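Let me begin by presenting the structure, written as structure tokens, before commenting on it.
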Amino acid sequence: MNDINKVQYEEKIIKGGNGMAMLILSIVMILGSGISFIAGIGMLASWYYPPGIGAVLILLSFLLLVASILIWAGLKIVKPNEALVLTLFGKYYGTIKDGNFAFVNPFVSAVNPTVENVAVEAIDTLTSKNGKSKKTGDNSKGKKISLKSITLDNGKQKINDQMGNPIEIGIVVIWRVVNTAKAVFNVDNYMEYVSIQADSALRNIVRLYPYDIVTDDNDSTDERSLRGSSQEVAERLKKEIQEKVEVAGLEIVEARITHLAYAPEIAAAMLQRQQASAIIDARKMIVDGAVGMVEMALSKLAENQIVDLDEERKAAMVSNLLVVLCGSKDAQPIVNSGTIY
């Protein structure tokens, strides 16, 4: 078993305190801080009050301001189908889910490795273009993890099928996060992880199937092939991707093939093969029908006693009828006005 599977984080859902009540308390504390500061300044300026009272009120105003700032830092807003993974001094603290406005420990911080990687890449891009680093802005609002179904489209890929033929195939994978703790702490970037694992699973599955199957009698069939067994291929693809991303706390909802074709370098040859197979099938059907029509014609002539033909003339008649019925061009009849001998 891989080392990554030995560390399993259990998701801990936290509700937190009443966010609205703490918000109101914070506003009251800010107002109280302002009133205390003004009153303290007034008492210090007055000879009537002892100077110690004014100093205490000013200190109280600063304490109330700091406390209100801490309350604001602990307020977390999470929309429906979103989650916020929180850590406290490097340790997993819990996850807020299900559309919540809560108050938590103001010293916790949100973690989302996908946002952090995007920010680093953006800084690197700006540095490489302009020769100096620029601030990309605050990404705290983007630290939430989406619990919605996400569509992954890795584009077309060139892979060899079971017969070694290069084909172009594209898939779409619909997935979602079900365990936020595993998604954040078990892998570096769960979005890149599911993309890479989808590519790997696609290559493994495509190598097990041919593009299509051609039998010995040139009759093309789609059994157990990428073209004909698309449902089976999709199910196996979904199962293999799910096994690979289980450690990241992800669920594969659906995996489907969106594009399937021969690679350009062999597409022309495969088209010729399909055309040849179609021509052979068409000729076979024409010959079967012509033989049946000739047999019917001879039977009708003998049954109605229209003409008595010996074996040599029957053979000649069969030959002429087959030429007429199987020819690719319209027959040009020749009328014999004399004897048939």
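Because the structure is predicted, anything quoted here is derived from the model rather than measured. This chain uses plain numbering: 1 for the first residue, then up along the sequence.
If you take OG1 on Thr114 and NZ on Lys143, they are separated by 10.0 Å, rounding to the nearest 0.5 Å. A distance of 14.0 Å separates CD1 in Ile205 from CG in Asp161, rounded to the nearest 0.5 Å. Rounded to the nearest 0.5 angstrom, Ser225 OG and Glu232 CD are separated by 9.5 Å. The structure places CG of Asn204 at 10.0 Å from CZ of Arg236, a figure rounded to the nearest 0.5 Å. Once rounded to the nearest 0.5 Å, the distance linking CG of Leu64 with OG of Ser36 reads 5.5 Å. Going from atom CD of Glu246 over to atom CD of Gln197 covers 12.5 Å, rounded to the nearest 0.5 Å.
Every residue two or more places apart in sequence or in another chain was checked for a ring-ring contact (aromatic ring centres under 6.0 Å, His included) with Phe37, and none qualifies. Contacts of Asn154 classified as side chain to side chain donor-acceptor pair (under 3.5 Å), with partners at least two apart in sequence or in another chain: Ser195, Asp199. With sequence neighbours excluded, no residue forms a side-chain contact (heavy atoms from CB on, under 4.5 Å) with Asp153. Applying the salt bridge (charged side-chain N to carboxylate O under 4.0 Å, His left out) criterion to Glu235, with sequence neighbours excluded, gives no partner residue.
Listed by first and then second residue, the salt bridge (Lys or Arg N to Asp or Glu O under 4.0 Å) pairs that reach into residues 60-82 come to none, sequence neighbours excluded. Every pair passing salt bridge (Lys or Arg N to Asp or Glu O under 4.0 Å) that includes a residue from residues 11-39 is listed here, sequence neighbours excluded: Glu11-Lys97.
Between Glu254 and Arg256 a salt bridge is recorded (basic side-chain N to carboxylate O distance below 4.0 Å).
Within the 3.5 Å criterion, the main-chain N or O of Val247 finds a donor-acceptor partner in the side chain of Asn186. Within the 3.5 Å criterion, the main-chain N or O of Lys148 finds no donor-acceptor partner in the side chain of Asn81. Checking side-chain atoms of Glu240 against main-chain N and O of Ala198 turns up no donor-acceptor pair under 3.5 Å.
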Can you give the donor-acceptor pairs under 3.5 Å from side chains of residues 26-34 to other protein atoms, not counting sequence neighbours?
{"from": "Ser26", "atom 1": "OG", "to": "Ser68", "atom 2": "O", "distance (Å)": "3.3"}
{"from": "Ser26", "atom 1": "OG", "to": "Trp72", "atom 2": "NE1", "distance (Å)": "2.6"}
{"from": "Ser33", "atom 1": "OG", "to": "Ser61", "atom 2": "O", "distance (Å)": "2.5"}

Taking distance alone, no hydrogens or angles, what donor-acceptor pairs closer than 3.5 Å link side-chain atoms of residues 84-91 to residues at least two apart or in another chain?
{"from": "Thr87", "atom 1": "OG1", "to": "Ser109", "atom 2": "O", "distance (Å)": "3.4"}
{"from": "Thr87", "atom 1": "OG1", "to": "Ser109", "atom 2": "OG", "distance (Å)": "3.2"}

Counting only pairs under 3.5 Å, give me each side-chain donor-acceptor contact of residues 166-173, with atom names and distances, residues two or more places apart or in other chains.
none

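Both Ile252 and Leu152 sit in one connected hydrophobic cluster of ILVMFWY residues. Membership requires side-chain heavy atoms under 4.5 Å apart, directly or through other members. Neither Val245 nor Val178 shares a network with the other; the hydrophobic side chains, linked directly or stepwise wherever heavy atoms of I, L, V, M, F, W or Y lie under 4.5 Å apart, form separate groups for each. Residue Leu237 is grouped with residue Leu208 when hydrophobic side chains (ILVMFWY) are merged at heavy-atom distances under 4.5 angstrom, including chains of intermediate members. In the hydrophobic clustering of this structure, Ile24 groups with Ile77; members are Ile, Leu, Val, Met, Phe, Trp, Tyr whose side-chain heavy atoms approach within less than 4.5 Å, directly or through other members. By the criterion of side-chain heavy atoms lying less than 4.5 angstrom apart, applied directly or through intervening Ile, Leu, Val, Met, Phe, Trp or Tyr residues, Leu23 is not grouped with Ile96; the two fall into different hydrophobic clusters.
Under the 4.5 angstrom side-chain criterion for Ile, Leu, Val, Met, Phe, Trp and Tyr, the cluster partners of Leu65 are Ile69. Residue Leu59 is found in a hydrophobic cluster whose other members, listed by chain and number, are Leu63; membership requires side-chain heavy atoms under 4.5 Å apart, directly or through intermediates. Other residues sharing the hydrophobic cluster of Val253, ordered by chain and number and joined by side-chain separations under 4.5 Å: Ile174.
Residues Thr95 and Ile14 form no side-chain contact, since every pair of their non-hydrogen atoms from C-beta on lies 4.5 Å or further apart. With a 4.5 Å cut-off on side-chain heavy atoms, Ile71 and Pro106 do not count as touching. With a 4.5 Å cut-off on side-chain heavy atoms, Val184 and Asn112 do not count as touching. Residues Tyr93 and Asn105 form a side-chain contact, since some pair of their non-hydrogen atoms from C-beta on lies under 4.5 Å apart. Contact annotation: the side chain of Trp175 approaches that of Met191 to within less than 4.5 Å [non-hydrogen atoms, C-beta and beyond]. For the pair Met20/Phe101, a side-chain contact is recorded, criterion being any heavy-atom separation below 4.5 Å from C-beta on. No side-chain heavy atom of Asp188 sits less than 4.5 Å from a side-chain heavy atom of Tyr193. Using a 4.5 Å heavy-atom threshold, the side chains of Tyr190 and Ile145 count as touching.
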Original post:
Can you check side chain to side chain contact (heavy atoms under 4.5 Å, CB included) on Asn160 and Arg207, steps first, answer last?
Top reply: CA-CA 6 Å; Asn160 292 338; Arg207 291 190 183 103; 5.9 Å; no

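Minimum interatomic distance between Ala183 and Val177 (heavy atoms only, all atoms of both residues): CB-CG1, 4.0 Å.
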